[in-house]
Asks: 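Next up is a structure, given as structure tokens.
Positions are given from 1, in the same order as the sequence printed here. What you see is a predicted model; the values in this text were computed from it and never measured.
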Amino acid sequence: MNDRFATTVARPRMLIMSNAIEAMVKPSPEEFDIVRLDDGGADRDAFLREVGAGLEVVLCSGGERLDAARLDLLPDLKLIAVVAAGMAGIDLDHAARRGIAVTNAGGLNSGDVAEFAVTMMLAHRRDIVAADRWVRDDEWVERRMPVGRSVSGERVGVVGLGHIGDGIARRIAPFVSEVRWWGPRAKPEIPWAREGSILDLARWSTTLFIAARGDDSSRGLVTAEIIDALGPEGLIVNVARGFVIDEPAMIAALKTGRLGGAALDVFEEEPARAADWADVPNLLMAPHVAGATREAFARVFANALDNIRRHFAGQPLVNRVI
């Protein structure tokens with residue numbers, strides 16, 4: 001073919017919110033015209049003001065700032081593809097008003113998160129970390145470790161019975177005496193009893209799993225009153241988002257013994273600083289890794305990239321939130 005008549009097909013333009021996301025998802029620069037927010041320097045809004053026109057898709061983790069002001073710097077935006085389930089950084093109402101589609105991971109990694117949540121409960125209740133240290137520090141040579149607590153008598157409450165909450169309930173049910181739950185909407189098909197309020201659930205529970213949606217609708221959902229209702233023998237396990245719990249109230253309750261324990265994969269401020277938690281007792285922590293398995297990552301990254309391709313091909317989107 002004569003080069004004089006060759007045409008160049010423009011690659012669809014896509015904004016990637018961090019180099020880390022690009023490294024994980026690996027979109028091809030031969031397939032997409034990639035704009036990287038990390039290339040924007042200190043004033044990223046100024047950068048978006050300069051390059052935002054023509055960008056149809058944003059690829060992000062869901063936690064980056066995509067409020068109304070920043071979204072309006074992207075006048076041609078049509079899709080926000082999120083590689084996780086949480087979307088706390090996105091102004092979903094403004095996206096809806098603009099007609100911007102939003103997709104996320106849906107339940108693609110919910111089983112992994114549920115598995116980790118149950119593991120944290122078992123590890124905390126059976127003092128697994130302390131038992132390991134007991135052997136390593138030669139405490140066993142001198143004396144027996146104090147007796148632990150049986151899991152079988154636990155009354156387990158689950159806050160939020162979406163993909164993750166349902167997965168927690170199904171995984172923990174064979175271990176414990178009873179499971180109940182609370183969420184904003186009744187689910188008649190669910191085999192576990194629904195309490196009338198989250199406060200009632202906390203009063204009934206000995207362990208309370210937090211699996212609520214990680215957006216503004218759940219911010220501050222677990223109040224000081226709910227923490228106190230769980231009580232000095234109670235355990236709270238959070239795999240939702242740190243801001244779902246009144247974190248200062250929880251810390252105060254742990255320090256005074258009004259709350260028995262906490263197992264946290266998520267924090268108000270991430271990454272959490274060790275110094276902020278050094279004197280908090282009866283605490284098991286993880287660095288927001290509940291859904292971070294090789295298998296889950298492969299699924300959620302492929303899902304985000306597939307939705308971007310679907311958008312540019314005019315095909316229906318998968319796991320569409322808006």
Asks: Can you tell me how far CZ of R185 sits from CG of L161, rounded to the nearest 0.5 angstrom?
Replies: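 Those atoms lie 11.0 Å apart.
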Asks: Roughly how far apart are R133 CZ and I128 CD1, rounded to 0.5 Å?
Replies: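 Going from the CZ atom of R133 to the CD1 atom of I128 covers 12.0 Å.
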Asks: What closest approach, in Å, do S150 and S152 show between heavy atoms, and which atom pair accounts for it?
Replies: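 Residues S150 and S152, closest heavy atoms: OG-OG, 2.9 Å.
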Asks: So M121 and V151, do their side chains get closer than 4.5 Å, heavy atoms only?
Replies: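 The answer is yes; the side chains approach within 4.5 Å.
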Asks: Quick one: does any side-chain atom of T103 pair with a main-chain N or O of N319 as donor and acceptor, under 3.5 Å?
Replies: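 Flag not set: sc T103 to bb N319 has no pair under 3.5 Å.
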Asks: In the single-linkage hydrophobic clustering (I, L, V, M, F, W, Y; side-chain heavy atoms under 4.5 Å), do V159 and L199 co-cluster?
Replies: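 Per the 4.5 Å side-chain linkage, V159 and L199 are co-clustered.
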Asks: Measure from the side-chain N and O atoms of N104 to the backbone N and O of V82, and report whether any donor-acceptor pair falls under 3.5 Å.
Replies: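 Between the backbone of V82 and the side chain of N104 there is no qualifying donor-acceptor contact (under 3.5 Å).
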Asks: Please round to the nearest 0.5 Å and tell me the distance separating atom CE of M14 and atom CD1 of I34.
Replies: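 It comes to 4.5 Å.
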Asks: Mind checking whether L264 and M250 have side chains closer than 4.5 Å, heavy atoms only?
Replies: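 Yes, close enough: below the 4.5 Å cut-off.
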Asks: Which heavy atom in H163 sits nearest to a heavy atom in G106, and how many Å separate them?
Replies: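 Shortest heavy-atom separation between H163 and G106 comes out as CD2-C, 4.1 Å.
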Asks: Using every non-hydrogen atom in the two residues, find where L221 and A212 come nearest and quote the distance to one decimal.
Replies: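 Taking L221 first and A212 second, the nearest heavy atoms are CD2-CB, 4.0 Å.
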Asks: Please identify which of these residues, L66, V321, D215, I322, meets the side chain to side chain contact (heavy atoms under 4.5 Å, CB included) condition with M87.
Replies: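 Of L66, V321, D215, I322, side chain to side chain contact (heavy atoms under 4.5 Å, CB included) with M87 is met by V321 alone.
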Asks: Is it the case that over 12 heavy atoms from other parts of the model lie below 6.0 angstrom from the CD atom of E30?
Replies: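 No, not enclosed.
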Asks: Is there a donor-acceptor pair under 3.5 Å between the side chain of R13 and the backbone N or O of A53?
Replies: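 Judged by distance alone, yes, a pair lies under 3.5 Å.
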Asks: Side chains of V156 and F209: does their closest heavy-atom pair fall under 4.5 Å?
Replies: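 Yes. Closest side-chain heavy atoms under 4.5 Å.
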Asks: Find out if a path of hydrophobic residues (ILVMFWY) with successive side-chain heavy-atom gaps under 4.5 Å connects L230 to L235.
Replies: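 As far as the 4.5 Å side-chain criterion goes, L235 and L230 are not connected within one cluster.
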Asks: Tell me the closest heavy-atom pair linking A304 and L59, and the distance in Å.
Replies: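 In this case the closest contact between A304 and L59 is CB-CD1, 3.9 Å.
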Asks: Go through the steps to decide whether I245 and I227 satisfy the test side chain to side chain contact (heavy atoms under 4.5 Å, CB included), and finish with yes or no.
Replies: CA-CA 9 Å; I245 297 176; I227 292 166; 4.1 Å; yes
Asks: Just how far is it from atom CG of L79 to atom CG of L77, taken to the nearest 0.5 Å?
Replies: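 If I round to the nearest 0.5 Å, the distance is 7.5 Å.
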Asks: Does the side chain of P27 reach to within under 4.5 Å of the side chain of I16, using non-hydrogen atoms?
Replies: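 Yes - at least one pair of side-chain heavy atoms lies under 4.5 Å apart.
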Asks: Would one find more than 12 heavy atoms of other residues, nucleotides or ligands at under 6.0 Å from atom CZ of R126?
Replies: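 Counting other residues, nucleotides and ligands, CZ of R126 stays at 12 neighbours or fewer.
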Asks: Whether the side chain of D265 engages the backbone of A290 through a donor-acceptor N/O pair (distance < 3.5 Å, no angle test) should be reported.
Replies: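 Flag set: sc D265 to bb A290 pair under 3.5 Å.
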Asks: Regarding E31 and R309, does a basic nitrogen lie under 4.0 Å from an acidic carboxylate oxygen?
Replies: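 Result for this pair is yes, salt bridge flagged.
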Asks: With a 4.0 Å cut-off on N to O distance, would you call D93 and R97 a salt bridge?
Replies: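 Not counted as a salt bridge, because no side-chain N and carboxylate O are separated by less than 4.0 Å.
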Asks: Does a side-chain heavy-atom distance below 4.5 Å link D45 with R70?
Replies: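 They are in contact (side-chain heavy atoms under 4.5 Å apart), so the answer is yes.
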Asks: Check the pair L55, V58 against side chain to side chain contact (heavy atoms under 4.5 Å, CB included), reporting the backbone distance first and the verdict last.
Replies: CA-CA 8 Å; L55 287 167; V58 167; over 6 Å; no
Asks: Got a salt bridge between R299 and E295, using NZ or NE/NH1/NH2 to carboxylate O under 4.0 Å?
Replies: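 Here R299 does not pair with E295 in a salt bridge, since their nearest N and O are not under 4.0 Å apart.
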Asks: Quick one: are D306 and R310 in side-chain contact, heavy atoms under 4.5 Å?
Replies: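 Result yes, sub-4.5 Å side-chain heavy-atom pair found.
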Asks: Can you check side chain to side chain contact (heavy atoms under 4.5 Å, CB included) on L71 and I80, steps first, answer last?
Replies: CA-CA 10 Å; L71 289 175; I80 301 171; 3.9 Å; yes
Asks: Using the rule that two of Ile, Leu, Val, Met, Phe, Trp, Tyr join whenever any of their side-chain heavy atoms come within less than 4.5 Å, decide whether M24 and M17 are in one cluster.
Replies: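 M24 does not cluster with M17.
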Asks: Would you mind checking if D67 and R65 are paired as a salt bridge, meaning a charged N to carboxylate O distance below 4.0 Å?
Replies: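 Yes, R65 and D67 are salt-bridged.
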Asks: Rounded to the nearest 0.5 Å, what separation is found between the OG atom of S197 and the CD1 atom of I226?
Replies: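 These two atoms lie 7.5 Å from each other.
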Asks: What's the verdict on side chain to side chain contact (heavy atoms under 4.5 Å, CB included) for F312 and R11, showing C-alpha distance, side-chain angles and the deciding distance?
Replies: CA-CA 10 Å; F312 287 117; R11 292 167 298 160; over 6 Å; no
Asks: At what distance, to the nearest 0.5 angstrom, does CZ of R136 lie from CG of D132?
Replies: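 R136 CZ to D132 CG: 4.0 Å, rounded to 0.5 Å.
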Asks: Quick one: does any side-chain atom of N307 pair with a main-chain N or O of A81 as donor and acceptor, under 3.5 Å?
Replies: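 Not a single qualifying donor-acceptor pair exists.
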Asks: Given I251, which of V280, L259, T256, D276 fulfils the side chain to side chain contact (heavy atoms under 4.5 Å, CB included) condition?
Replies: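 Exactly one candidate clears the test, V280.
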Asks: Looking only at heavy atoms, which two atoms of A105 and V300 are closest? And how far apart?
Replies: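 Where A105 meets V300 most closely, the heavy atoms are CB-CG1, 3.6 Å.
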Asks: Kindly indicate whether the side chain of W277, heavy atoms from C-beta on, has any atom under 4.5 Å from the side chain of L254.
Replies: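 Sidechains of L254 and W277: no contact.
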Asks: Tell me whether V239 is reachable from F297 by hopping between hydrophobic residues (I, L, V, M, F, W, Y) whose side-chain heavy atoms are closer than 4.5 Å.
Replies: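 In one cluster with F297: V239, no.
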Asks: Is the closest side-chain heavy-atom distance between F175 and L122 below 4.5 Å?
Replies: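 SC-SC contact between F175 and L122 confirmed.
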Asks: Could you pull out the closest heavy-atom pair between G107 and S110, with the gap in Å?
Replies: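 Smallest interatomic distance, heavy atoms only, reads O-OG, 2.8 Å.
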Asks: Would a hydrophobic clustering, with Ile, Leu, Val, Met, Phe, Trp and Tyr connected at side-chain separations under 4.5 Å, put I210 with L284?
Replies: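 Result: no, two separate clusters.
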Asks: Do R194 and W181 meet the cation-pi criteria used here (NZ or CZ under 6.0 Å from the six-membered ring centre, within 45° of the axis)?
Replies: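 Geometry flag: set, cation within 6.0 Å and 45°.
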Asks: Counting distance only, does the side-chain N/O of K78 pair as donor-acceptor with the main-chain N or O of D76 below 3.5 Å?
Replies: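 A pair under 3.5 Å: yes.
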Asks: Between the side chain of E268 and the main-chain N/O of E247, is any donor-acceptor distance below 3.5 Å?
Replies: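 Looks like no, no N/O pair under 3.5 Å.
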Asks: Just one of R155, E233, E154 clears the side chain to side chain donor-acceptor pair (under 3.5 Å) bar with T206, so which one?
Replies: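 Filter result, single survivor: E154.
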Asks: Salt bridge or not for R98 and D72, using N-O below 4.0 Å?
Replies: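 Salt bridge: yes.
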